[in-house]
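Please read the structure below before turning to the comments.
Note that the structure is predicted; figures quoted are calculated from it, not measured. In the text below, chain A, chain B and the rest are named by the order of the sequence lines, each starting its count at 1.
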2 protein chains.
Amino acid sequence: MAETPSRSVTISAIAAEAGVSAPTVSRVLNGRGDVAPETRERIENLLRLRGYRRRGSRGDGQRRGERIGLIDLVFNDLDSPWAVEIIRGVEDAAHGMDSGIAVSAIHRQASSTRKWLQNVRSRASDGAVLVTTDLDSELRSELEELHIPVVVIDPVGLSDLTVPTIGCTNWAGGLSATTHLIELGHRRIGFVAGRPELWCSRARLDGYRAGLETAGIEVDPELIAPGEFNYESGFRAGERLFDLDDPPTAVFAASDQMALGVYEALRQRGLRVPDDVSVVGFDDLPQARWSSPPLTTVRQPLDDMGRLAVRTLRRLMDSEEIESPRVELATELIVRDSTAPSPTATKK
Amino acid sequence: MAETPSRSVTISAIAAEAGVSAPTVSRVLNGRGDVAPETRERIENLLRLRGYRRRGSRGDGQRRGERIGLIDLVFNDLDSPWAVEIIRGVEDAAHGMDSGIAVSAIHRQASSTRKWLQNVRSRASDGAVLVTTDLDSELRSELEELHIPVVVIDPVGLSDLTVPTIGCTNWAGGLSATTHLIELGHRRIGFVAGRPELWCSRARLDGYRAGLETAGIEVDPELIAPGEFNYESGFRAGERLFDLDDPPTAVFAASDQMALGVYEALRQRGLRVPDDVSVVGFDDLPQARWSSPPLTTVRQPLDDMGRLAVRTLRRLMDSEEIESPRVELATELIVRDSTAPSPTATKK
DNA sequence: CTGAAAGCGCTTACAG
DNA sequence: CTGAAAGCGCTTACAG
């Protein structure tokens, strides 16, 4: 957790500590050229270390409980289909407390990360919500230097606990999806896994296993196909599962996108959902509702996770207690039209 | 177009004009309670009129060509599936010029619009990109009072030209989709229209008509079904078209979401895409690629529209010339697997 | 390359 | 409810 930013990290405080005058620090801050390299570096270090933030003439800095003005919302990339869901939740909660949100993506190149950080610093937001699958440690330490509260929304991982993290119950979701299929009479249930290096993939897989084992069904490794959460990998996994000698009658895919890939693999084989094969996804992205047939899936409350992130940020800013560094919101099985009783099941 | 903001709308300038002291204006700005109602109102009006923006102690205001720091990106609602596409484009371009973006939604209630505006004002962004289907005139005049450059991204409408607007070639897109189907041998081609009050719906419909007429096919009003751009209306339109005595062999829907609704209507009737019926959409949202079968559609370059909006804003800020108040980017037909030769066509 | 001085825009007690 | 005064954080010439 970042040290509490000292109450008045002003230009003159920094100047005093660096043994220069205030104007010199000001010049460094404004990127003027005429400062000796050593001086500049010394000042820049202090600036970072002390978490300097421009304060205008508002007097004695941020007061406890002061209205928050701007929250940074940071994605790895904006091409994930769940980005909007989270944006909506965060925007909604921020709006409710009269705050704005600054959305940005850390573009791949390391060089640009640095520029991006400078941006965040210069717009002086009051807190940051990070949505990220891979929160590398370098970035994290850079963020600490911002001296603002940070909350991580982490729908896929299970990061370490130095920063409050908001996730969802992946294991329970995997279990409920599998149980749903078993209750429909399915016995051969395929699983399309997510990226193996992410904890959520493991949790969903274990939920699947637990469901089978509870029902006394043996886990057949042949029925577990690798995937990477995206459409294409779901499609390939679907092909693989239905090329088996004894193919499954139902498939649980660890993401909606992979479930849609499975749809396509089935369509190309002339198999129908749900008449021939049942399919369950994970996420409940809007497109799950608009697929044909509408997809039964495990809902991950991304918007609520966004809202909770903002509320947590708020508490952090007010130096209130956080219940727990890791919160997992409940997943929920949404039954639509892609699941039906197993064609091979004994009719009851 | 907003009047150019005067160079130095300072608190004391406002105070002088209002015949009060600077501290009083300051109190109004900071929402302190102890100001006489009439005084407050007089000051608030002047503040709006003169486009007051907090300037800290940066000396003489914004200099021409100064690095831009924050761009406001405003949606009506964040539930539109194309929101991310635009966000990505705007973020990308803004990132490229070391600027951040503040994303917000105007929530429905009028009361909250006012609060939202105050927020925009107080975060002092350097420009605003509006994405909106219904840019009501009240909101627009409020925005003028912000005295910052504004660009409207308008994928659906054709607003009046007091503000630079970026759209796409809806008519040409409608024409190319229809021509594609005709070239595949289809003669009875259904059309699912968009919300009739929006100009883009009209343009797409006219493109459809033009395509038919060019090929010497009579326009059958029965084949034109009403829709509202969303999934449900597409579904209903599909039901209606395929309940006709002489149903179409192909359908062009004025949005991807409606096309997916048509998919579902077809599935429920046991009809297959594209073997029995071809379907074309409009937008090329990511989900078009992930539908089953992947959807042939007219691509609207939403991300490029976002990028262009930022570049236009930049020129406005630098007081450079804008080529044209209304720019339309080209649409492009993306052929995937939802279209095939008409089953009733004479084989060539 | 750096600092002392002047100044800007704003806010905060304080007095009435 | 309002203003004169003091002060804060920062920046901009200017001088060396």
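Looking at heavy-atom distances under 4.0 Å, B:V25 makes no contact with the nucleic acid at all.
The nucleotide D:dA13 finds no pairing partner, because no Watson-Crick or G-U wobble arrangement with both distances shorter than 3.5 Å includes it.
Between C:dT2, C:dG3, D:dC1, one nucleotide has an atom nearer to the side chain of A:S21 than all others, and that is C:dG3. Closest to the side chain of A:V20, from the set D:dG3, C:dG3, C:dT2, is C:dG3. Nearest nucleotide to the A:S26 side chain, out of D:dT11, C:dA13, C:dG3: D:dT11. Checking C:dT2, D:dA5, C:dC1 against the side-chain heavy atoms of B:P23 singles out D:dA5 as nearest. If you check C:dT2, D:dT2, C:dC10 against the side chain of B:R27, the one that comes closest is D:dT2. Listed candidates were C:dT2, C:dG9, D:dC10. Nearest to the side chain of B:T10 is C:dG9.
Atom CG in A:L78 sits 9.5 Å away from atom CG in B:D92 (nearest 0.5 Å). Atom CG in A:L329 sits 7.0 Å away from atom CD1 in A:I166 (nearest 0.5 Å).
Considering only side-chain N and O atoms, B:T24 lies under 4.0 angstrom from the phosphate OP1 or OP2 of D:dG3. Taking side-chain N and O atoms only, B:S12 has no distance below 4.0 Å to OP1 or OP2 of C:dC8.
Separating the CD1 atom of B:I14 from the P atom of C:dC10 is a distance of 10 Å, rounded to the nearest angstrom. The interatomic distance linking A:I43 (CD1) with C:dC1 (P) rounds to 13 Å, in whole Å. Rounded to whole Å, atom P of D:dA15 lies 16 Å from atom CG of A:D34.
Side chains of B:I43 and B:R40 form no contact here, defined as non-hydrogen atoms less than 4.5 Å apart. Put simply, the side chain of A:E85 does not reach to within 4.5 Å of the side chain of A:M305, judged on heavy atoms.
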